[in-house]
Amino acid sequence: LGAFVDEIITLTSSYNFFTSLNFDASNLDPVFDGNYKPNLSTGPFSSLGSAFGWIISKNLIISRLSNFIWINFFLLLCVLFLSKIFRLDKNIFFILSLIALLIQPWWFGSLYSLGETFSTICLFSGFILFSRKRAIAILIMSFAIWFGKDIHLLSFAGFYIYIFVKEKNIKNVIKDFIFFSI
């Protein structure tokens, strides 16, 4: 896989962010300056693995592999959490989730430190969790949107419109909005 500018911007931004823990979004140089890029369409957590891989190796291949491992580890954490709440067989759930992760066409974006896979795991976990732990699910889904991929706002809107039509409860909407805004 050849390097491309989105990968370099994401890697340098997440590396700078995690090594300084500073949300400085200055744009002296719009590509490589500052610790976090507000114009990135993905947050720093989706590339945590690549930043860590770069910190320990300064090697792009290891950085990519580290991010892929991070995404799969994150998926495993979500599966363990959800399988405990819903009393599911965690092994079967993980295998099916891994297959679902790998058959979607943008899985390789995790090698490039892009946030589609990470944020989709968050959003889907929130959808699943909604019936049992509504407040946590809303927080997870908002995390997937604001620190993952903004485009997930469309999926969330469709999901939430369905919930609102089904429940017709304005008090829940207000509570959910507060959690979403956090």
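Note that the numbering runs from 1 along the sequence shown for the chain.
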Applying side-chain hydrogen bond (donor to acceptor under 3.5 Å, both in side chains), can you list everything that pairs with [X], at least two apart in sequence or on another chain?
X      : result
Asn172 : Glu167
Ser119 : His152
Asp176 : Arg134, Tyr160
Lys58  : Tyr15

Distance (rounded to the nearest 0.5 Å) between [X] [atom1] and [Y] [atom2]:
X      : Y      : atom1 : atom2 : answer
Ile140 : Leu123 : CD1   : CG    : 10.5 Å
Leu111 : Ser66  : CG    : OG    : 11.0 Å
Asn169 : Phe164 : CG    : CZ    : 8.5 Å
Ile178 : Ile138 : CD1   : CD1   : 12.0 Å
Leu11  : Ser63  : CG    : OG    : 4.5 Å
Phe127 : Phe130 : CZ    : CZ    : 10.0 Å

Do the non-hydrogen side-chain atoms of [X] and [Y] ever get within less than 4.5 Å of each other?
X      : Y      : value
Leu101 : Asn72  : yes
Ile61  : Arg64  : yes
Val173 : Phe180 : no

Honestly curious: do [X] and [Y] fall in one hydrophobic cluster under the side-chain, below-4.5 Å linking rule?
X      : Y     : value
Phe73  : Ile71 : yes
Ile128 : Ile99 : no
Trp70  : Leu76 : yes
Ile69  : Leu48 : no

* Please name all residues satisfying ring-ring contact (aromatic ring centres under 6.0 Å, His included) with Phe124, sequence neighbours left out, ordered by chain then number. =>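 Per chain and number, Phe124 pairs via ring-ring contact (aromatic ring centres under 6.0 Å, His included) with no residue.
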* **ring-ring contact (aromatic ring centres under 6.0 Å, His included) partners of Phe179, counting only residues at least two apart** =>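 Expected list: none.
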* Should we say atom CZ of Phe177 is surrounded by more than 12 heavy atoms from elsewhere, each under 6.0 Å from it? ->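 No, because the 6.0 Å sphere around CZ of Phe177 holds 12 heavy atoms or fewer from other groups.
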* Asked: Is it true that atom CG of Leu77 has more than 12 heavy atoms of other residues, nucleotides or ligands lying nearer than 6.0 Å?
  ->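 Yes, enclosed.
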Applying side chain to side chain contact (heavy atoms under 4.5 Å, CB included), can you list everything that pairs with [X], at least two apart in sequence or on another chain?
X      : value
Leu102 : Phe68, Leu98, Trp107
Ser57  : Asn59, Ile62
Phe52  : Ile56
Asp89  : Asn91, Ile92

* Qualifying residues under salt bridge (charged side-chain N to carboxylate O under 4.0 Å, His left out), relative to Arg132, sequence neighbours excluded ->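 With sequence neighbours excluded, Arg132 shows a salt bridge (charged side-chain N to carboxylate O under 4.0 Å, His left out) to no residue whatsoever.
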* **Atom of Ala137, atom of Leu129 and distance for their closest heavy-atom approach** => CB-C, 3.9 Å
Pairs of donor and acceptor atoms involving the side chains of residues 78-87, under 3.5 Å and at least two apart or interchain, shall be tabulated with distances.
residue	atom	partner	partner atom	Å
Ser83	OG	Val79	O	2.8
Ser83	OG	Leu80	O	3.2

* Taking the six-membered ring for Trp, are the ring centroids of Phe118 and Phe74 within less than 6.0 Å of each other? -> yes
